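Atoms considered below: every heavy atom in the structure, side chains included; atoms not considered: hydrogens, waters and symmetry mates. Here the structure is a predicted model, which means the values were calculated and not measured.
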Amino acid sequence: MIRFEHVTKRYADGTTAVDDLSFEVAEGELVTLVGPSGCGKTTTMKMVNRLVEPTSGRILLGGEDIAAADPVQLRRRIGYVIQQVGLFPHKTVLENTATVPQLVGTPKAAARARAAELLELVGLDPSVYGGRYPAQLSGGQRQRVGVARALAADPPVLLMDEPFGAVDPVVRERLQNEFLALQKTVRKTILLVTHDLEEAVRLGDRIAVYGRAGTIEQFDRPAAVLGAPANGYVASFVGADRGLKRLAVTPVRAADLEPADGTAPEAAVPLGSSLREALAALLQQDAGRIGVADPESGRLAGVLTPQGVHRALRRAEAAEAAQDGGS
Ligand SMILES: Nc1ncnc2c1ncn2[C@@H]1O[C@H](COP(=O)(O)OP(=O)(O)OP(=O)(O)O)[C@@H](O)[C@H]1O
Ligand SMILES: [Mg+2]
């Protein structure tokens with residue numbers, strides 16, 4: 001869907017922001033771009049909607065060279081959540097969300113109805129938040145409005161630059177979960193920038209790990225990046241706490257649970273939660289075990305203990321090893 005072919009960007013002052021990038025994002029795929037500050041992530045995004053023009057190489061969107069596309073037409077197909085959210089301060093939340101549909105000629109009433117739907121979708125009740133101004137929202141709420149606004153024109157492609165950067169880790173994890181659930185239904189083709197490796201790993205179908213100088217050092221599935229770093233740079237970027245990061249990408253399965261006995265606790269997390277969430281819940285319980293619910297029925301599916309977490313991590317490692325051996 002989005003294809004970079006040997007793309008290099010050198011700014012007028014000689015800074016090479018992006019150096020010979022080649023990669024492809026499949027339709028409906030979410031690729032995260034992760035790397036240190038100044039490594040060229042925002043520049044990469046801006047070249048897709050032609051806010052920045054490559055110095056050499058080309059970018060194809062749906063098989064067509066975007067250099068030949070009309071930038072205005074192009075941007076209508078691409079939602080863009082910019083790094084600082086960028087809501088209009090003098091417009092209400094509803095007006096902000098309805099901006100793009102109205103720009104492309106959707107009648108006002110229809111644009112507002114659509115905006116209300118999208119606010120609902122990102123977890124903001126339009127009757128509560130629709131009439132507020134951005135200054136009257138928390139940072140996380142503003143970011144949700146940014147996401148709703150980017151979805152408003154129903155673009156097939158989304159560029160999201162640190163969309164959850166402004167919120168604390170707990171809210172961030174909730175927003176990430178909501179966003180993943182949303183992506184399951186809307187199936188956009190997404191490039192998402194973050195400098196948080198854990199976020200990259202949780203959200204990405206694949207991850208592009210940038211080096212310092214605008215190059216991609218590894219482009220692969222999260223498990224492969226964690227399990228088999230391509231070189232020393234990626235290995236040090238991924239760090240020694242790989243096991244901890246793996247917690248965030250490994251879901252709790254029924255096989256990890258002990259049967260719930262007569263004195264079973266209340267369910268603390270549903271099956272499919274990350275081990276990280278489950279471990280956080282576990283650490284708050286003196287009992288050293290938590291109940292895990294079947295998300296369909298809401299009933300207790302079993303009990304998770306520290307041994308269960310350990311088993312699940314070993315299972316995830318073994319699955320990664322098998323996958324890397326087989327590919
Ligand atoms: N208009 C510009 N003119 C000259 N250099 C620029 C320009 N915009 C960006 N750069 C430089 O290009 C490099 C990449 O910038 P970019 O904004 O793409 O980084 P980034 O990976 O998004 O960083 P961050 O994580 O801090 O947002 C940096 O060295 C930056 O200073
Ligand atoms: Mg940036």
Side-chain angles (χ1 to χ4, degrees), residues 30 32 34 123 164 167-185 194 196-207 220-229 234-235 237-327:
L30 197 170
T32 50
V34 66
F164 312 120
V167 295
D168 67 77
V170 175
V171 173
R172 178 185 275 227
E173 187 157 342
R174 209 181 62 227
L175 282 180
Q176 289 168 345
N177 285 340
E178 288 166 4
F179 178 66
L180 279 177
L182 183 65
Q183 167 65 354
K184 271 197 186 129
T185 62
T194 174
D196 175 6
L197 178 67
E198 198 166 299
E199 177 163 278
V201 156
R202 293 196 73 197
L203 297 181
D205 296 312
R206 286 189 292 172
I207 310 178
D220 211 330
R221 292 169 296 106
V225 172
L226 294 179
V234 178
F237 189 76
V238 164
D241 53 347
R242 260 153 53 181
L244 282 175
K245 288 179 181 110
R246 197 178 273 120
L247 287 172
V249 288
T250 307
V252 176
R253 305 245 171 89
D256 306 324
L257 307 180
E258 325 281 335
D261 55 31
T263 58
E266 298 225 340
V269 295
L271 276 176
S273 307
S274 68
L275 285 178
R276 185 170 180 271
E277 284 167 277
L279 188 59
L282 194 58
L283 290 172
Q284 296 196 322
Q285 297 292 329
D286 293 330
R289 57 216 283 277
I290 52 165
V292 176
D294 179 334
E296 308 276 288
S297 66
R299 288 218 208 88
L300 202 63
V303 171
L304 186 70
T305 62
Q307 290 74 26
V309 172
H310 186 255
R311 272 202 303 278
L313 271 179
R314 288 287 167 273
R315 156 173 65 73
E317 273 171 28
E320 270 166 35
Q323 235 171 2
D324 291 335
S327 64

What closest approach, in Å, do [X] and [Y] show between heavy atoms, and which atom pair accounts for it?
X      : Y      : result
Pro306 : Gly288 : CD-O, 3.2 Å
Leu271 : Val252 : CD2-O, 3.7 Å
Pro222 : Arg206 : CD-CA, 4.3 Å
Ala281 : Ala268 : CB-CB, 4.3 Å
Val292 : Pro270 : CG1-C, 3.9 Å

Who are the side chain to side chain contact (heavy atoms under 4.5 Å, CB included) partners of Ala280, not counting sequence neighbours? none

For Gln285, give me all partners under side chain to side chain contact (heavy atoms under 4.5 Å, CB included), at least two apart in sequence or on another chain. Ile290

Under the side chain to side chain contact (heavy atoms under 4.5 Å, CB included) criterion, do Ile207 and Arg221 qualify, and how do the steps go? CA-CA 6 Å; Ile207 310 178; Arg221 292 169 296 106; over 6 Å; no

Examine distances only and state if a side-chain atom of Arg311 and a backbone atom of Asp256 form a donor-acceptor pair shorter than 3.5 Å. yes

Where the side chain of Thr250 meets the backbone of Arg246, is there a donor-acceptor pair that is under 3.5 Å apart? yes

Donor-acceptor pairs are to be reported for all side-chain atoms of residues 293-303 against protein atoms at under 3.5 Å, with residues two or more places apart or in another chain.
| residue | atom | partner | partner atom | Å |
| --- | --- | --- | --- | --- |
| Asp294 | OD1 | Glu296 | N | 2.8 |
| Ser297 | OG | Arg299 | N | 3.1 |

Got [X] and [Y] here, is their nearest side-chain heavy-atom distance under 4.5 Å?
X      : Y      : answer
Leu203 : Leu180 : yes
Asp196 : Val34  : no
Asn177 : Arg202 : yes
Leu279 : Leu304 : no
Thr32  : Glu199 : no

Short N-O contact, Arg289 and Glu258, less than 4.0 angstrom: no

Val249 vs Leu226, test: side chain to side chain contact (heavy atoms under 4.5 Å, CB included). Steps then yes/no. CA-CA 10 Å; Val249 288; Leu226 294 179; 4.2 Å; yes

OG-CZ distance between Ser273 and Arg253, expressed to the nearest 0.5 angstrom: 12.5 Å

Could you check Val225 against Val201 for side chain to side chain contact (heavy atoms under 4.5 Å, CB included), going step by step and ending with a plain yes or no? CA-CA 9 Å; Val225 172; Val201 156; over 6 Å; no

